[in-house]
K.L.:
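After the structure tokens below, expect a handful of questions from me.
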Protein chains: 4
Amino acid sequence: MTTGRRGRVRSEEARRAILEATATLLAASGYEQLSVDRIATTAGVGKQTVYRWWSSKSAVIAECLLDGYVLSDLIVPAKTGDARSDVGNWLRALVDFLDDPKNAALFRALAAAASENREVSDRLYERFSGPLHTALVECLRAGIRAGQVRDDAPVPAVADILIGAVLHRALAHIAIPLGTVDGVVDALFSGVAAAARED
Amino acid sequence: MTTGRRGRVRSEEARRAILEATATLLAASGYEQLSVDRIATTAGVGKQTVYRWWSSKSAVIAECLLDGYVLSDLIVPAKTGDARSDVGNWLRALVDFLDDPKNAALFRALAAAASENREVSDRLYERFSGPLHTALVECLRAGIRAGQVRDDAPVPAVADILIGAVLHRALAHIAIPLGTVDGVVDALFSGVAAAARED
Amino acid sequence: MTTGRRGRVRSEEARRAILEATATLLAASGYEQLSVDRIATTAGVGKQTVYRWWSSKSAVIAECLLDGYVLSDLIVPAKTGDARSDVGNWLRALVDFLDDPKNAALFRALAAAASENREVSDRLYERFSGPLHTALVECLRAGIRAGQVRDDAPVPAVADILIGAVLHRALAHIAIPLGTVDGVVDALFSGVAAAARED
Amino acid sequence: MTTGRRGRVRSEEARRAILEATATLLAASGYEQLSVDRIATTAGVGKQTVYRWWSSKSAVIAECLLDGYVLSDLIVPAKTGDARSDVGNWLRALVDFLDDPKNAALFRALAAAASENREVSDRLYERFSGPLHTALVECLRAGIRAGQVRDDAPVPAVADILIGAVLHRALAHIAIPLGTVDGVVDALFSGVAAAARED
DNA sequence: TGTTAAACGAGACGGTACGTCTAGTCTTCGG
DNA sequence: CCGAAGACTAGACGTACCGTCTCGTTTAACA
């Protein structure tokens, strides 16, 4: 059997070393400090090997996201059956995560990369927002089945809201007070409209 | 009377030219393409004149924000007295604004600058999120006074939510369907919890 | 019966293609533009096939010289019996050859290779200067036998002189006026010393 | 009065450092080992400062020649009035100079640069061959005036011959035996033609 | 009305990183 | 086991910016 390809095969070791070096440097010093030279040196690899497989440092970051070299431990909501507390607990866990300046810095570095490179943005969505969105939607649908959430609730919009609320604060370098989290959950579950029907 | 200062006075013309050039270039080519050399050349100014008054290109961007050279036409909610439709209309206007790729690109460029520089982040908050937050809070409080919004609503959290929902989409290069806007407003006003009290 | 050697035998075709490609590229673009990659590509050969048999591009050039892929049509003095006109004719032919910019460029490329690599220098001497030297020495010795050249003439030095005179001009990008050739021959045969013995 | 030029003036210190570094590195490691990076590092100068003023490393070498950073101590014939011994002594001195491997290596490096760059070739001629040629011509003309050299001697051709004889050997990595020098002088002054008139 | 001092346009400075190219080595497949 | 293909480390290439530092010029306030 033949592969139809000749020549030396791509070094998986080099690939790993590059992605690991990129993830490490990104977390340590941010996006602006990241350079292809430094990635190559840290990975013990020729610069050309980086450029052979990726078009730019952003593309390397995109693959880091895809392969879980950053943001690997995704924080997803638990499903205890109580949708309201599940969502609240998840939101608190996420806020805790971003309270660590290291994590917040990594997050901002990713946002910087994403705002300049469509591919990073897509991967970041696939890896972070997307799964969170899915998990939240499932969580809320479970709430509907359990009778905790009204069955005509705009579930995807709510999921977007929850993610956006956290993201906004992270990018704005604003520490998120836990009270905000409760407010968010309260507003979303109970609504802010006055219960005027009774009047 | 003396000013205590001698020598030539700062050129307001140069200052304006620099801020205008920065705003133009930022909108045209994004944050990564922006360079102090280009700013100076475009403004017809020596590079040192930029560095004399600002510490970095980020600082120039921050002042652009502060002085309204970018994001000058802030989109704020109208106040017709109907809080729910005011919020809905505002949100739709904002989504329309970000639907234009030019505006979305400028927004992402600002986010990139903000994620790397605390000062830009602060100015962006002051100029964009802050006023929006204030306006939304006022809008919702007016709703409370008008009996449209329950008086124990977590108003600041709701404002955060609304802003974050839009921001998330803008940074993720995701076009925001108008249906989402309605869902967001619906969820926030009516809540997603099942009306289980009556049972 | 076996030859004691196994596997595929060295491809004479590949060897020829490499030497031909080297000679062609050297003549076309000079030494600095020559690269092993280009040689291999032009020859339709893998780079390793070059390095398997030669240690560097200089070594390939050296073998090109040795095998007559460059400077194959060596210009040697005819032997008509008239040493003075033989030498003059040869010198004129050589000057004609180097008058063609292509030939001069090739010659300079070889000189560049020779000045950086001892092996090329040795081959260049073997191939070019050496045979010329020998031929000239023979020519002059024939002149001695014919009574045209004094029998105590420093024959090897004269041969060196003739070669060096041409070489100098070629390397210095100086077109050689034919008058110079006659002057050289005149000086060497008649000497420059005044015929003061008679006084 | 104005100079018509604005902006910071060229640093003479940087210029000197670059030329000195180039001369040093060229003498130490040859032309192929010379790189603009190394020149800049050795000179304590930014790479761009090299490229701002010279188009290539060859151009720097050309200016090194022009300004006497290499080949500054030109070996010229003394003029004692005895043309034959003056020429002989000069030739011996030159051969001595090139006997030192350092000097021979520098000379070959210059030849390599010259064979690839017309400007270097011109400067090398101006700085080395040209003055030697002039000095030799003067020396021989003095010999004519003193009655030592026949007055119809092809003086420029003889000068060329003397220079070329040395050059050829230097480039060919051939140590020049002192006997050769005497042979050269003998051939040039006495001629190699048999003194057939007396027979 | 000069003198002084700061800001100006211009542009060279020492550096860092870019993305490309080449050298010479190593590894795979196919003949 | 040879030869092609081509990936590998290493490092130079020439360019673009960084932030700093002169230059000579211009423009105030001070003397």
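Sequence lines set the chain letters: A, B, ... in the order given, protein chains first and strands last, and positions in each chain run from 1.
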K.L.:
For Ala59(A) versus Glu119(A), what's the shortest heavy-atom pair and its separation?
P.N.:
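Closest approach of Ala59(A) to Glu119(A), heavy atoms only: CB-OE1, 4.1 Å.
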K.L.:
Looking at dC21(F), does its base get a donor-acceptor pair with the side chain of Arg8(D) below 3.5 Å?
P.N.:
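Side chain to base: pair present.
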K.L.:
In whole Å, I'd like the distance from the CD atom of Glu12(C) to the P atom of dG3(F).
P.N.:
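That distance rounds to 11 Å.
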K.L.:
Nearest 0.5 Å, please: how far is CG in Leu71(C) from CG in Leu124(C)?
P.N.:
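The CG atom of Leu124(C) sits 6.5 Å away from the CG atom of Leu71(C).
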K.L.:
Of all the nucleotides listed (dT15(F), dC8(F), dA10(E)), which has the minimum atom distance to the side chain of Tyr51(D)?
P.N.:
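The closest nucleotide is dT15(F).
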K.L.:
If you look at every strand shown and take non-hydrogen atoms under 4.0 Å, does Arg38(B) touch a base, only sugar-phosphate, or nothing?
P.N.:
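The answer is sugar-phosphate, as Arg38(B) gets under 4.0 Å only of primed atoms, P, OP1 or OP2.
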K.L.:
Charged N to carboxylate O under 4.0 angstrom, Arg15(B) versus Glu12(B)?
P.N.:
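Yes.
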K.L.:
Could you please name the option among dT4(E), dC13(E), dG3(F) that lies closest to any side-chain atom of Thr49(C)?
P.N.:
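Looking only at side-chain atoms, Thr49(C) lies closest to dG3(F).
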K.L.:
By nearest atom, which of the nucleotides dA23(E), dT22(F), dC8(E) is closest to the Lys47(C) side chain?
P.N.:
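Between dA23(E), dT22(F), dC8(E), the one nearest the side chain of Lys47(C) would be dA23(E).
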K.L.:
Nearest 0.5 Å please: distance from the OG1 atom of Thr49(D) over to the CD1 atom of Ile39(D).
P.N.:
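With rounding to 0.5 Å, OG1 (Thr49(D)) is 12.5 Å from CD1 (Ile39(D)).
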K.L.:
Look at the side chain of Gln48(C) against the base of dC26(E) and say whether a donor-acceptor pair falls under 3.5 Å; ignore hydrogens and angles.
P.N.:
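Such a pair is found, so the answer is yes.
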K.L.:
Distance from Arg38(D) atom CZ to Leu25(D) atom CG, nearest 0.5 Å?
P.N.:
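Rounded to the nearest 0.5 Å, the CZ-CG separation comes to 7.5 Å.
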K.L.:
Mind listing the residues from residues 53-64 of chain B sitting with a heavy atom below 4.0 Å of DNA chain F? Number order is fine.
P.N.:
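Those residues whose heavy atoms fall under 4.0 Å from DNA chain F, taken from residues 53-64 of chain B, amount to none.
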K.L.:
Do you know which of Val60(C), Leu110(C), Leu19(C), Asp122(C) makes side-chain contact (heavy atoms from CB on, under 4.5 Å) with Leu65(C)?
P.N.:
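Of Val60(C), Leu110(C), Leu19(C), Asp122(C), side-chain contact (heavy atoms from CB on, under 4.5 Å) with Leu65(C) is met by Leu110(C) alone.
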K.L.:
If I take atom CZ in residue Arg6(B) and atom P in nucleotide dA7(E), what distance separates them, rounded to the nearest angstrom?
P.N.:
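In whole Å, dA7(E) P lies 13 Å from Arg6(B) CZ.
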K.L.:
State whether Ser35(D) places a side-chain N or O below 4.0 Å from either non-bridging phosphate oxygen (OP1 or OP2) of dG11(F).
P.N.:
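So the side-chain polar atoms of Ser35(D) never come under 4.0 Å of the phosphate oxygens OP1 or OP2 of dG11(F).
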K.L.:
Looking at dC13(F), dT15(F), dG6(F), which one has an atom nearest to any side-chain atom of Val36(D)?
P.N.:
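Ranking dC13(F), dT15(F), dG6(F) by closest atom to the Val36(D) side chain puts dC13(F) first.
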K.L.:
What is the distance, rounded to the nearest whole Å, between atom CZ of Arg52(C) and atom C1' of dA5(F)?
P.N.:
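Rounding to the nearest Å, CZ of Arg52(C) and C1' of dA5(F) are 12 Å apart.
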K.L.:
Lys57(C) side chain to Leu34(C) main-chain N or O, any donor-acceptor pair under 3.5 Å?
P.N.:
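The answer is yes, because a donor-acceptor pair under 3.5 Å joins these two groups.
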K.L.:
Let's see if you get this right: which residues in residues 13-20 of chain D place a heavy atom under 4.0 Å from DNA chain F?
P.N.:
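Output list: empty, so none.
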K.L.:
Without decimals, in angstroms, what is the distance between Asp37(B) CG and dA17(E) P?
P.N.:
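Whole-Å distance recorded here is 17 Å.
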K.L.:
Between Glu13(D) and Arg16(D), is there a salt bridge with N-O shorter than 4.0 Å?
P.N.:
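No, no charged N to carboxylate O under 4.0 Å.
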